[in-house]
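Have a look at the structure below, then the notes.
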Amino acid sequence: MTSIIKAKNLYKRYGDFTAVNGIDFCIDEGECFGFLGPNGAGKSTTMRMLYGLSRVDAGELTILGEKISLTPPAIKAQLGIVPQEDNLDPDLTVMENLLAHARFYGIPSSEAEAKSKELLEFMGLDVKSDDDVESLSGGLKRRLVIARALINEPKIVILDEPTTGLDPAARHLVWQKLRQLKERGISLLLTTHYMEEASQLCDRLVIINQGKILAEGSPDWLVQTLIPPEVIQVNLPSTSLPTGLVERVKELKAHPVILPEMTFLFTPAGDQLWEQLSSLGLNPRSCIHRPSNLEDVYLTLTGGNLGQ
Amino acid sequence: MTINVWRVFRRHLNVLKKTWLNNLMFNFIEPFLYLLAMGFGLGNLVQEVDGISYLQFIGLGMIASSAMWAATFEATYGSFVRLHYQKTYHAMLATPATVADIVLGDLLFAALKSLIFGTVILFVVTAIGLVHSVWALLIFPFMLIHGFFFATVALTFTSWCKHIDYFNYYITLFSTPLFLFSGIFFPLNTLPAWAQWLAWLNPLFHSVEVVRSLGLGRLEPFLLVHVIILIALSILLAWLPIRMMEKRLIQ
Ligand SMILES: Nc1ncnc2c1ncn2[C@@H]1O[C@H](COP(=O)(O)OP(=O)(O)OP(=O)(O)O)[C@@H](O)[C@H]1O
Ligand SMILES: [Mg+2]
């Protein structure tokens, strides 16, 4: 596999503040690669460096074989961008938005029209073709932004929170479309706050916090490798936990992870631990026993206080 | 600078085609009010200025000021809305377009608006018989130069401006004084010598001189100096909004 994007020890600073703090990643052709992380983690900053709205401060960034500090027009011509903030042109209609965008790639107008029609159909927007952008709902706007990002038949599509604010049905529709893009061999790069989105779409992902990568791997691998397979989730704020809980849980070979609003007790044998709940001083009604998932990995890595 | 300048310009043209009625009509009212109030009102008191009627004197000057206002509003409020509220520039930057393309596209469009607004006033003052020379045809290309210059200055301010309210300062403290002391309403040779020298720093003064002379057919080689000053300033200054916009957009 050839890598299409490669970042080595990448930095981005704003004054004294380091938004991206030496990250490495490598994205293969045709892959869907995810960025997970809390607000302010540096996801959008990284995306902006990729698509030419930010300069690389230090480190090495290679896109489509070219080393860059600010992504040049020739590379941008091969990218499709879905920014976090919708920036459709409210002065133009749905169709005109696509046509105006197409012009910047030098697509002849007859071809642009055919392509735009096809994309509007693809994103289920064909009936809105002549509507004002302002009259679209949030979900439809998002779909139009995605359609716009595809007008130049990009090799790589960068999506910064593509489904934030969408209802579940709309989200599934977008996922379906993104899968279709992947089947066509387009590489996808996305940031998201939805674990399900990451699990469903991403071949590999990184979890990033405060500008640093905390973990990298496929969603399944991360869950299987980083945490035990089962968890008992204790829905109590850390301040109301029974005293001595941590020590006693550890004696039972479980790993407690204490978050401010809840606690995870990771264990390879959930049933046995469940039977001990009352002896641990926990009311089973405030506990849930379930298989561990990507969200557990995420919360543990980004907010977890590993049993101290 | 590439073909993308033209594409940015085309986008603005598309929008203008849809909104020209709202966009243009309202803005024409103001110069007419001035013509009415000053030309007919004040004109009754003032007999002649520089050998022409007062209405003719200010009517020709208003071509230049109207064009200046058009470029100024386009490159302040118009550009700022695209930059700050609509994020149109960000969307364009995701394509192969560069900041320079976007800035120059905006400047060209503002220059076009100058031409349109100047043209309307030119037609009106011609219709009421104030234009006496076919040299007035040269006012058309000159409007583009004039508009480009004022757009450059305004867009430089816009690229620094963080809040839309600040444009009030630009209009009140910069554009309005230029307008009032440009020789549109009174000939500057009535002022003391130092004030006349100060007028040379007023770019609108140069435009008013050129437009009025062309409209009256009073041609003299010295007019070229005014034109060259505006062209030179435009070329010298145009990199400034590009650099400043780059700093603002590429973080
Ligand atoms: N232009 C800027 N100037 C100063 N600081 C900035 C700038 N852009 C981003 N930052 C800071 O960099 C950090 C990372 O921001 P970024 O937008 O990359 O976060 P994010 O991971 O995308 O968060 P979210 O999930 O909320 O979108 C934040 O603390 C933000 O305040
Ligand atoms: Mg973000």
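Every chain is numbered from 1, with letters handed out A, B, ... down the list of sequences.
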Could you report the tightest heavy-atom contact between [X] and [Y], atom names first, then the distance?
X	Y	answer
A:Y105	B:A94	OH-O, 3.7 Å
A:R148	B:A91	NH1-CB, 3.7 Å
B:L93	A:K76	O-NZ, 2.6 Å

Is a donor on one side and an acceptor on the other found under 3.5 Å between the side chain of B:R11 and the backbone of A:A100? no
Looking only at atom types and distance, does a side-chain atom of B:K87 sit under 3.5 Å from a main-chain N or O of A:D86, one as donor and one as acceptor? no
Residue [X] versus chain B: region with a heavy atom under 4.5 Å:
X	answer
A:I81	side chain
A:E96	side chain
A:L88	backbone

So does A:D91 pair up with B:R82, basic N to acidic O under 4.0 Å? no
Just verifying a value: how many Å separate [X] [atom1] and [Y] [atom2], rounded to the nearest 0.5 Å?
X	Y	atom1	atom2	value
B:M92	A:F104	CE	CZ	4.0 Å
B:T88	A:L92	OG1	CG	8.5 Å
A:D132	B:K18	CG	NZ	6.0 Å
B:H90	A:R48	NE2	CZ	8.5 Å

Counting only heavy atoms closer than 4.5 Å, note whether B:V99 contacts chain A via side chain, backbone, both or neither. neither
With a 4.5 angstrom heavy-atom cut-off, is it the side chain or the backbone of B:R10 that approaches chain A, or both, or neither? both
Within 6.0 angstrom of [X] [atom1], more than 12 heavy atoms from elsewhere:
X	atom1	answer
A:Q180	CD	yes
A:R179	CZ	yes
A:K177	NZ	yes
B:Y77	OH	yes
A:Q210	CD	no
B:Y169	OH	no
A:K128	NZ	no
A:K67	NZ	no

Partner of A:P73 by side chain to side chain contact (heavy atoms under 4.5 Å, CB included), out of B:D101, B:N4, B:T98: B:T98
Pair B:E246, A:L70 - check side chain to side chain contact (heavy atoms under 4.5 Å, CB included), show working. CA-CA 12 Å; B:E246 257 166 14; A:L70 182 67; over 6 Å; no
